[in-house]
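Remember, predicted model here, so these are calculated numbers, not experimental data.
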Amino acid sequence: VQLQAYGGGLVPAGGCLRLSCAASGRILTTYAVGWFRQATGKEREFVAVITWGGGTTYYVDSVKGRFTISRENAENTVSLQMNSLTPEDTAVYYCAADLAYGNVVVGRPTYWGQGTQVTVSS
């Protein structure tokens with residue numbers, strides 16, 4: 001599975017962005033897909049995950065109520081809608097996938113995509 005995250009950019013605090021993760025090589029419908037982020041000088045952290053069927057999602061507490069992960073299986077993509085962004089959300093965002101949902105949640109997915117930079121100005 002090859003993954004590519006895109007949609008990042010520069011937004012003011014309170015703004016929104018929609019990130020997308022496009023897959024090639026294999027279809028994503030059997031994979032759990034997650035988003036992670038890494039701010040400068042910090043460790044990479046889990047942000048959100050969605051099961052292959054889309055029926056279960058899980059978020060890190062800091063983004064609950066602001067971010068929404070969804071999948072568009074027909075397009076082989078997974079999106080992350082980010083609202084009410086704050087400067088603390090500034091990071092490089094990565095998408096990742098694994099056949100096992102649990103592996104994504106604990107930060108050990110098999111497949112990683114290249115990141116996309118999100119910068120939120122104060």
Side-chain angles (χ1 to χ4, degrees):
V1 178
Q2 290 81 45
L3 303 172
Q4 178 65 54
Y6 58 95
L10 172 64
V11 295
C16 60
L17 278 175
R18 185 177 181 87
L19 305 183
S20 293
C21 177
S24 61
R26 292 185 183 179
I27 58 175
L28 278 180
T29 53
T30 57
Y31 289 80
V33 180
W35 287 92
F36 296 77
R37 63 187 180 185
Q38 186 167 21
T40 301
K42 295 186 177 180
E43 294 186 354
R44 185 159 52 192
E45 69 167 343
F46 165 83
V47 175
V49 63
I50 188 167
T51 54
W52 67 268
T56 300
T57 58
Y58 179 70
Y59 302 87
V60 67
D61 285 347
S62 60
V63 308
K64 285 180 180 178
R66 301 188 298 122
F67 290 13
T68 302
I69 188 171
S70 61
R71 63 190 307 152
E72 299 78 34
N73 287 337
E75 299 176 3
N76 215 28
T77 60
V78 172
S79 298
L80 184 70
Q81 177 66 42
M82 307 186 295
N83 299 329
S84 302
L85 286 162
T86 73
E88 289 69 37
D89 296 314
T90 295
V92 177
Y93 284 70
Y94 301 87
C95 60
D98 198 282
L99 289 171
Y101 169 86
N103 285 347
V104 179
V105 174
V106 300
R108 296 178 179 177
T110 301
Y111 304 101
W112 289 92
Q114 293 184 336
T116 184
Q117 176 71 48
V118 172
T119 303
V120 184
S121 61
S122 58

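When all heavy atoms of Ser122 and Ala13 are compared, the closest pair comes out as CA-CB, 4.4 Å. The two residues Leu80 and Ala48 come nearest to each other via the heavy atoms CD1-CB, 4.2 Å. Scanning all heavy atoms of the two residues, the minimum distance from Gly7 to Thr116 falls at N-OG1, 3.9 Å. Across all non-hydrogen atoms, the minimal contact from Val118 to Met82 is CG2-CE, 3.9 Å. Summarising the geometry of Ala22 relative to Thr77, their closest heavy-atom pair is CA-CG2, 4.0 Å, with the distance given to 0.1 Å. Contact detail for Ser24 and Asn76: the closest heavy-atom pair is N-ND2, 4.5 Å.
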Exercise for the section: Step by step, work out the side chain to side chain contact (heavy atoms under 4.5 Å, CB included) result for Val78 and Ser70. Expected result: CA-CA 6 Å; Val78 172; Ser70 61; over 6 Å; no
Practice task
Under the side chain to side chain contact (heavy atoms under 4.5 Å, CB included) rule, what do Val49 and Thr57 come out as? Steps first, then yes or no, please.
Solution key: CA-CA 6 Å; Val49 63; Thr57 58; over 6 Å; no
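Judged by distance alone, with hydrogens and angles left aside, the side-chain atoms of Thr51 form a donor-acceptor pair with the main-chain N or O of Thr56 at under 3.5 Å. Between the side chain of Arg44 and the main chain of Arg37, no donor-acceptor pair closer than 3.5 Å is present. Of the possible donor and acceptor atoms, one in the side chain of Thr90 sits under 3.5 Å from a partner among the backbone N and O of Val120.
Hydrophobic clustering (side-chain heavy atoms under 4.5 Å, transitive across Ile, Leu, Val, Met, Phe, Trp, Tyr) groups Ile50 together with Leu99. Cluster membership check: Leu85 shares its hydrophobic cluster with Val60, using side-chain heavy-atom separations under 4.5 Å among Ile, Leu, Val, Met, Phe, Trp and Tyr. Tyr59 and Trp35 fall within a single hydrophobic cluster, where Ile, Leu, Val, Met, Phe, Trp and Tyr side chains are chained together by heavy-atom contacts under 4.5 Å. When the side chains of ILVMFWY residues are joined at heavy-atom separations under 4.5 Å, either directly or via intervening members, Val11 and Val63 end up in a single hydrophobic cluster. The hydrophobic cluster containing Val92 also contains Phe46, counting ILVMFWY residues as joined when their side-chain heavy atoms lie under 4.5 angstrom apart, directly or transitively.
Taking the centre of each ring, Phe36 and Tyr94 stay at or above the 6.0 Å mark.
The structure places CD of Glu72 at 4.0 Å from OG of Ser79, a figure rounded to the nearest 0.5 Å. Distance check, rounded to the nearest 0.5 Å: CH2 of Trp52 to OG1 of Thr30 gives 8.5 Å.
Residues Cys21 and Gln4 fail the side-chain proximity criterion, which asks for heavy atoms closer than 4.5 Å.
Gln117 and Thr119 share a donor-acceptor pair across their side chains, judged by distance under 3.5 Å alone.
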Result block: side-chain N/O donor-acceptor pairs under 3.5 angstrom for residues 100-114, not counting sequence neighbours:
residue : atom : partner : partner atom : Å
Asn103  : ND2  : Asp98   : OD1          : 3.2
Thr110  : OG1  : Asp98   : OD2          : 2.5
Trp112  : NE1  : Pro109  : O            : 3.4

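The only option from Asn83, Leu17, Asp89 that meets the side chain to side chain contact (heavy atoms under 4.5 Å, CB included) definition with Phe67 turns out to be Asp89.
Salt-bridge annotation for Glu88 and Arg66: absent, with no side-chain N of the basic residue lying under 4.0 Å from a carboxylate O of the acidic one.
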